Amino acid sequence: MSETTPNSKGPAKVQLSPERAASLGLTPAPGATTPVVPAAPLEKRVDVRSPSAALDFIRTTEGHLDELTNVLQRARVLSVQSANGTYTEEDRSAIQIEVDQLTDEIARIADQADFNKVKLLTDASAEANVKSADELGMTPAKINTPASLANAQASWTLRMHVGANTNEALAVNIFAADIQHLFAGEAAAPADQGAAAPADQQGAAGAQGGAAVAGPVNVMTAIDANSSIAKIDVAIKTVTDQRSNLGAFSNRLESAIRSAD
């Protein structure tokens, strides 16, 4: 028969009767009349909830990036249309209206993409939250980043502890995907084909508002539309490469979850 005694400083201790203790081969501690069952050693376990939360974080980011891809693809289709000589200036002016709306939508998605108040796709909190592997404490001290994103602006470094011991962690960088970074240096720049457009073409563009295009995608002339196709292709590749990188990191996290079971 056994009984428990309350302990105000910790969990109750289980005490055994002398007969029960003798049957288990236990002997009382010095000065004690009844032996106390020794505590079990600390068990090292991995909290699988942490990698699972990281997967939610990554899936949320991928969802926003997927929508950015859709918007960029639509802007590309419109640029290809406007690059054809069969379109009039009035046609291109109408196309530019939709392109401007798509540009605003890219800005909105990037600005409002967040997870637990973390801004995912802008560099608003990059200074405080982008870290190197050495700063994060990781073994091996390495954050895998595709070569195509080597010069991209990271917006957040996600560190996930996946082991039961010190420095057993994985990390991945989330990269800014707003207008400023998808079209770096192109926010208000006109298309540049190595030579100025003919004077009559410039005048026509100005008459239709081409000179007032402030966004990075300008389709007011066939030349500008052709240049915009190349800009959009770069932006699409940046988003696609980030999605691929996050997908690969998700696979590693899922492996970490399985190995912890």
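Please read all numbers here as calculations on a predicted model, not as lab measurements. What's counted below: heavy atoms across the whole structure, side chains too, no hydrogens, waters or symmetry copies.
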Does any non-hydrogen side-chain atom of [Y] lie less than 4.5 Å from one of [X]?
X	Y	value
Ser250	Leu55	yes
Glu254	Arg258	yes
Leu78	Leu102	yes
Val80	Ile229	yes
Ile174	Gln242	yes
Asn144	Val172	no
Phe115	Trp156	no

Residue pairs involving [range] (criterion salt bridge (Lys or Arg N to Asp or Glu O under 4.0 Å); sequence neighbours excluded):
range	value
residues 131-149	none
residues 74-87	Arg74-Glu98, Arg76-Asp233
residues 234-248	Asp66-Arg243, Lys237-Asp241

Which heavy atom of [X] sits nearest a heavy atom of [Y], and at what distance?
X	Y	value
His161	Asn165	NE2-O, 2.8 Å
Met160	Ala54	CE-CB, 3.4 Å
Ser228	Pro216	OG-O, 4.4 Å

What's the spacing between [X] [atom1] and [Y] [atom2] if we round to 0.5 Å?
X	Y	atom1	atom2	value
Gln96	Thr221	CD	OG1	10.0 Å
Ser79	Arg92	OG	CZ	11.5 Å
Thr122	Gln153	OG1	CD	10.0 Å
Glu67	Leu72	CD	CG	10.0 Å
Arg59	His64	CZ	NE2	14.5 Å
Ile106	Ile179	CD1	CD1	4.5 Å

For [Y], does its backbone N or O pair with a side-chain atom of [X] as donor and acceptor, under 3.5 Å?
X	Y	value
Asn84	Thr86	no
Ser93	Glu89	no
Ser82	Val219	yes
Ser227	Ile223	no
Arg159	Gly137	yes

Shared hydrophobic cluster for [X] and [Y] (ILVMFWY, side-chain gaps under 4.5 Å):
X	Y	result
Ile109	Leu182	yes
Leu120	Leu149	no
Leu68	Phe175	no
Ile143	Ile58	no
Leu65	Val118	yes

Within 6.0 angstrom of Asn251 CG, more than 12 heavy atoms from elsewhere: yes

Asn173-Thr157 side chain donor-acceptor pair, cut-off 3.5 Å: yes

Set of side-chain hydrogen bond (donor to acceptor under 3.5 Å, both in side chains) partners for Gln81, sequence neighbours left out: none

Sequence-distant partners of Glu105, salt bridge (Lys or Arg N to Asp or Glu O under 4.0 Å), two or more places apart: Arg108

Side chain to side chain contact (heavy atoms under 4.5 Å, CB included) evaluation trace for Leu253 with Val162: CA-CA 8 Å; Leu253 281 179; Val162 295; 4.1 Å; yes

For Tyr87, all residues meeting ring-ring contact (aromatic ring centres under 6.0 Å, His included), sequence neighbours excluded: none

